Amino acid sequence: MTDAFVSRLARMAVTLAIVSVTGFLLLHLAPGDPLAQFALSPGMTATQLGAMRHQMGLDAALPLQYLRWLGALLTGDWGRSFRDHQPVLTIILGHLGATLELAGTAALLAIWTGAAAGLYGAFRQGSRADHLITVASIILLSIPTFWFGLVFISLFSVRLGWLPSGNIHTVGAPFSPADYLKHLILPATVLALASAATWSRYTRNAVADVLGQDFIRTARAKGLSPRKIRSRHVLRNALLPMITLAGLQFPTLLSGALVTETVFTWPGIGRLFLDSLEYRDYPVAMGILMFSAVLATAGSIVTDALYTVADPRLRQARP
Amino acid sequence: MNTVRRLLKIRTASAGLVLVALLALACVLVPPLLPRGPLQIDLHHRFLPPLSGIHPLGTDEIGRDILARLLAGARTSLLIGLSAMALSTVTGCITGGLTGFYGGWTRIILMRLVDAVLCFPTIFLLLTLASFGQPGAATIIGIVSLVAWMEVSRVVDGQIRALRDREFIVAVEAMGASATHMLLREFLPNIAGAIVVVSTLNVARAILMEAYVSYLGNGIQPPQPSLGNMLNDAQEYLRPDPWLAILPGIVIAIAVIGLNFIGDGLRTALDPRQSNASGSRR
Amino acid sequence: MTKSPTGHTAFPGAVPGAAPEAVPGPASAPLLSVRKLAVTFTQSSGPDIPAVEGASFDVRPGETIALVGESSSGKSVTAMALMGLLSSGSGSGAGPVITGQALFRTSDENTVDLLSLPEPALRAIRGRDISMVFQDPMTSLNPVLTIGEQISEVLMTHDGLSRRQTRAPVISLLTRVGLRNPEDLISRYPFQLSGGMRQRVMIAIALACRPHLLIADEPTTALDVTVQARILTLLRQLQAETGMAIIFITHNIGVVAQIADRVVVMYSGQIVESAPVRDALDTPLMPYSRVLFRTVPTYEAVLARRRHLPTIPGHVPDPRHRPQGCTFHPRCTHFVHGPCDTFRLSPEHATPDHEVRCARWREIARD
């Protein structure tokens with residue numbers, strides 16, 4: 001492993017440190033009390049509450065709380081939920097699968113349709129189809145995701161009754177792949193819409209950029225067929241910026257997932273995060289923030305690695 | 001001005017200008033003409049469909065006039081968008097100007113911070129921030145600007161750094177111009193275009209963010225109407241009245257599409273490559 | 001770049017007229033005959049831009065034509081039009097309007113009009129019968145493909161070879177363009193090569209299918225002086241070996257003297273003078289060419305001192321608003337009211353071999 005890789009890891013560590021401090025400060029300084037839910041239960045005395053507070057470590061100074069949390073995290077202990085005392089990691093992993101299935105499906109849908117539309121537009125620049133795709137992309141990006149969710153539910157679930165309006169599978173029924181897929185279609189499509197628009201715009205610009213390069217003219221001067229030029233010269237080069245986008249899309253997809261999960265009552269990380277904010281369940285909220293930050297930075301490292309594979313200039317520059 | 005003329009020539013951009021202008025005018029001119037205010041409840045006329053009697057767009061679950069509520073919500077959205085844009089543009093220009101001009105540690109720290117913040121999924125960040133302070137328009141303006149200034153800052157920083165090496169700037173610097181003079185007289189006119197583009201797109205983004213935050217229940221609180229919280233209400237009544245969900249979405253779409261078209265058009269109109277496209281071929 | 005003490009003596013083939021013996025004399029039928037070529041860029045808004053107007057010239061087998069002129073004089077557009085590279089090549093996206101005729105003798109002895117040939121037929125000619133070398137070798141090679149891949153694809157396209165079969169010819173091509181360690185080079189990427197090496201690779205690509213015509217669009221401009229000289233030598237030498245004709249686009253008068261048999265001077269989209277190299281440099285008739293060659297009075301002096309075009313007061317006119325009459329008249333020292341600014345002029349023959357587009361060339365010739 002090279003210096004570049006080490007410095008990248010160091011930067012990742014700095015980013016994660018900043019994320020953890022900001023996240024911790026924000027959550028703990030925000031008004032609201034994690035014990036509020038218990039304060040209302042009958043027979044709860046002030047002394048008991050105080051004892052609970054002490055037991056949770058919430059009476060310590062904020063820097064000390066942070067260091068305790070960080071120390072535990074570094075030994076692999078993500079803490080326990082304030083609400084039900086379950087280990088945070090267990091809770092997160094329990095919800096992660098649903099989110100990854102949703103976001104993964106949506107990402108695949110988005111990349112395929114978006115990149116296809118972008119390629120089509122770039123190869124027919126200035127045509128009616130190109131304009132149409134560009135305008136459609138801007139429109140998709142201008143409408144909040146959840147609105148599509150509501151409209152789709154009202155159309156496909158309420159009016160037509162084709163697809164379920166929420167949940168990951170029919171309640172009470174035994175698990176079946178067909179049932180699961182039926183539940184996945186609407187949320188995945190909704191989540192994919194905005195992302196597909198981003199992909200289409202980005203792909204179009206990347207490909208248009210490559211098409212304007214001198215070496216494309218060289219390829220044409222060689223007498224290569226347009227098809228050959230596209231597959232060999234254009235796509236290989238346009239792939240580089242597209243890899244970058246794949247890395248950048250990660251946080252965006254998570255944001256979208258949070259909203260989509262709310263619309264479709266999908267039991268994933270996003271819903272969990274909303275709930276944990278509601279109940280001031282700091283350990284869970286922090287856990288999710290850190291988890292997504294780690295995934296995002298890891299995503300950017302994988303992106304860089306892929307980039308190195310795809311671009312000989314970087315590949316050979318390594319000692 | 002040349003830029004304006006080029007902008008108007010772009011069909012989508014002029015369409016955007018028309019959309020936004022119409023919406024803004026409607027927000028100001030139409031409400032006084034409506035028989036009912038946005039908060040007036042009428043339990044005898046609930047869930048009226050559009051075009052029924054005195055309610056041009058119908059009524060909601062407790063008989064409030066939907067058009068009145070939509071326009072009130074749109075006004076709030078536009079105000080939030082513009083204020084958040086103003087706040088984030090000023091902050092972004094100052095920070096980006098400083099880091100771009102002086103570089104060094106300020107720049108490294110700031111850019112690290114920006115990187116870290118961009119690591120958070122935007123909605124997570126907005127929701128966390130929203131738990132500070134009373135939910136309301138002012139809070140939303142604050143949190144949206146907190147997220148949006150970084151982009152402005154990045155653009156300004158990048159543009160200034162690109163300009164710094166250009167000959168005319170080097171010349172002005174060699175003549176001993178002060179930093180303030182340089183920033184205001186030399187840099188600002190040259191990067192104004194880029195700032196205008198980002199700012200326009202930021203108005204659109206702020207309106208979208210308001211919708212998300214209010215939809216998730218942490219933004220403008222009922223009974224005050226907002227395009228986001230109207231959609232939240234609507235979700236419960238998709239069966240009796242899908243209009244409740246469709247209409248606020250259309251208003252959001254009009255505002256945001258319009259602004260995005262304008263922003264995109266501005267980017268094209270201000271692109272120096274466009275202006276001398278007149279065949280500088282050999 | 002004003003002077004270079006190196007390299008200029010090493011051009012055995014640089015004397016005009018001393019073309020390789022295999023090549024028929026100037027009287028033979030032209031390889032390429034361009035008649036009244038006009039290229040007009042249309043804009044959705046704004047006036048049309050006539051980039052080239054009524055250009056006519058011949059290229060004989062084995063001959064080197066130097067196309068000279070300032071930036072935006074239309075010389076590159078002329079070359080690109082002949083190659084059919086001005087349209088986007090991907091179906092839609094209208095290119096410029098091209099009119100005129102460019103008759104070309106293909107390697108299978110058919111005469112075709114390059115300007116009206118459908119794209120697939122033109123594709124079979126590009127890279128096989130006519131090749132092109134571009135100005136900037138830094139950007140003209142695909143950064144993510146190896147040198148070997150970029151040369152072999154020409155052979156695979158035109159000669160129907162398989163990837164494996166191209167290895168030997170690719171290596172021999174690399175050797176012919178003077179690159180060492182060709183076996184090693186084929187797996188290298190462009191960024192690992194110097195500018196001069198990349199231009200040699202570009203030349204290898206152009207020569208792969210033994211073209212009859214090579215269009216070199218300022219192939220040495222982006223290179224430094226010593227490398228320029230070597231690339232010129234290489235081109236001369238390869239021309240001697242293959243007998244191909246070259247259209248050499250340049251604004252470097254020194255290069256013109258070294259390499260050209262004929263000079264075609266372009267100004268503001270028109271050919272203003274066309275003559276054998278010695279006549280053009282020694283007795284230019286059009287005032288614009290005279291300014292071009294003025295500071296370098298004799299052919300030998302030019303050879304001795306490579307020079308760029310001298311600067312002329314004034315600007316090349318905006319192609320959308322060209323002056324009435326002779327387009328050069330606002331900058332011309334021989335300008336007289338009437339003949340120079342009333343009608344567009346047609347080229348006239350000063351000698352059978354020397355064409356000029358000027359209202360006053362007879363008076364100028366007497367000076």
Side-chain angles (χ1 to χ4, degrees), chain A residues 118-134 204 206-243 306-319, chain C residues 44 79-80 83-94 119-146 149-158 187-192 201-202 205-206 208-209 211 214-215 217 222:
Chain A
L119 281 173
Y120 190 90
F123 287 137
R124 288 164 187 76
Q125 275 172 64
S127 70
R128 195 173 287 257
D130 178 30
H131 284 303
L132 210 70
I133 291 171
T134 309
R204 186 198 175 276
V207 172
D209 232 41
V210 175
L211 282 173
Q213 301 273 324
D214 283 355
F215 60 81
I216 296 300
R217 191 181 56 184
T218 308
R220 295 187 60 212
K222 285 174 179 176
L224 300 190
S225 64
R227 200 149 155 221
K228 196 97 202 225
I229 293 177
R230 282 174 200 178
S231 60
R232 247 175 104 84
H233 292 270
V234 180
L235 287 186
R236 286 279 296 267
N237 281 282
L239 206 59
L240 300 175
M242 286 164 73
I243 291 174
L306 281 176
Y307 213 99
T308 315
V309 173
D311 190 340
R313 283 161 291 193
L314 296 176
R315 198 189 314 151
Q316 310 264 337
R318 297 208 318 207
Chain C
S44 48
M80 300 284 278
M83 287 290 276
L85 290 179
L86 284 176
S87 65
S88 72
S90 53
S92 73
E119 170 72 17
L122 200 55
R123 223 181 286 143
I125 292 177
R126 282 204 293 257
R128 189 189 63 172
D129 292 344
I130 310 179
S131 292
M132 197 155 175
V133 175
F134 297 99
Q135 176 174 352
D136 192 349
M138 298 297 170
T139 56
S140 296
L141 290 168
N142 188 329
V144 303
L145 295 182
T146 62
E149 286 173 302
Q150 302 197 47
I151 303 178
S152 65
E153 69 182 356
V154 198
L155 295 164
M156 288 158 70
T157 306
H158 294 296
S187 56
R188 298 253 164 194
Y189 290 93
F191 75 95
Q192 297 169 305
V201 171
M202 281 300 293
I205 291 173
C209 295
L214 176 73
I215 300 179
D217 188 355

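Naming: A, B, ... by sequence-line order, numbering from 1 per chain. All values reported here derive from a predicted model rather than from experimental measurement.
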Handout entry: Pairs of heavy atoms under 4.5 Å with chain C: top-ranked of A:L239, A:L240, A:L224
Key =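 With the most close heavy-atom pairs to chain C, the winner is A:L224.
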Exercise for the section: Among the options C:A206, C:C209, C:A124, C:P143, pick out the one with the most heavy-atom pairs lying under 4.5 Å from chain A. Expected result: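 Top count of heavy-atom pairs under 4.5 Å with chain A: C:P143.
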Handout entry: Toward chain A, the part of C:I205 with a non-hydrogen atom under 4.5 Å
Key =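 Answer is side chain: those atoms of C:I205 sit under 4.5 Å from chain A.
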Handout entry: chain A contact via C:M138 - side chain, backbone, both or neither, heavy atoms under 4.5 Å
Key =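 For C:M138, no heavy atom lies under 4.5 Å from chain A.
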Problem - For A:R232, salt bridge (Lys or Arg N to Asp or Glu O under 4.0 Å) partners two or more places apart - result: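 Listed in chain order: C:E153.
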Exercise for the section: Please name all residues satisfying salt bridge (Lys or Arg N to Asp or Glu O under 4.0 Å) with A:D130, sequence neighbours left out, ordered by chain then number. Expected result: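 Per chain and number, A:D130 pairs via salt bridge (Lys or Arg N to Asp or Glu O under 4.0 Å) with A:R204.
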Distance check, rounded to the nearest 0.5 Å: [X] atom [atom1] versus [Y] atom [atom2]?
X	Y	atom1	atom2	answer
A:D311	C:Y189	CG	OH	9.5 Å
C:L85	A:I216	CG	CD1	12.0 Å
A:K222	C:M156	NZ	CE	11.0 Å

[X] vs [Y] side-chain heavy atoms within contact, under 4.5 Å:
X	Y	value
C:M80	A:R217	yes
C:T139	A:F215	no
C:N142	A:Q213	no

Exercise for the section: Take atom OH of A:Y120 as the centre, draw a 6.0 Å sphere, and report whether it contains more than 12 heavy atoms from other residues, nucleotides or ligands. Expected result: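 12 or below, so no.
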Handout entry: Backbone N/O of C:L145 and side chain of A:R236: donor-acceptor pair under 3.5 Å
Key =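 Between the backbone of C:L145 and the side chain of A:R236 there is no qualifying donor-acceptor contact (under 3.5 Å).
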Handout entry: Donor-acceptor contact present, side-chain C:S140 to main-chain A:T218, <3.5 Å
Key =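 Not at all, since once roles are kept as given, no pair shorter than 3.5 Å links the two residues.
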Exercise for the section: Identify the two heavy atoms, one from A:A221 and one from C:M132, that lie closest to each other, and give their separation to 0.1 Å. Expected result: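 Closest heavy-atom pair between A:A221 and C:M132: CB-CB, 4.3 Å.
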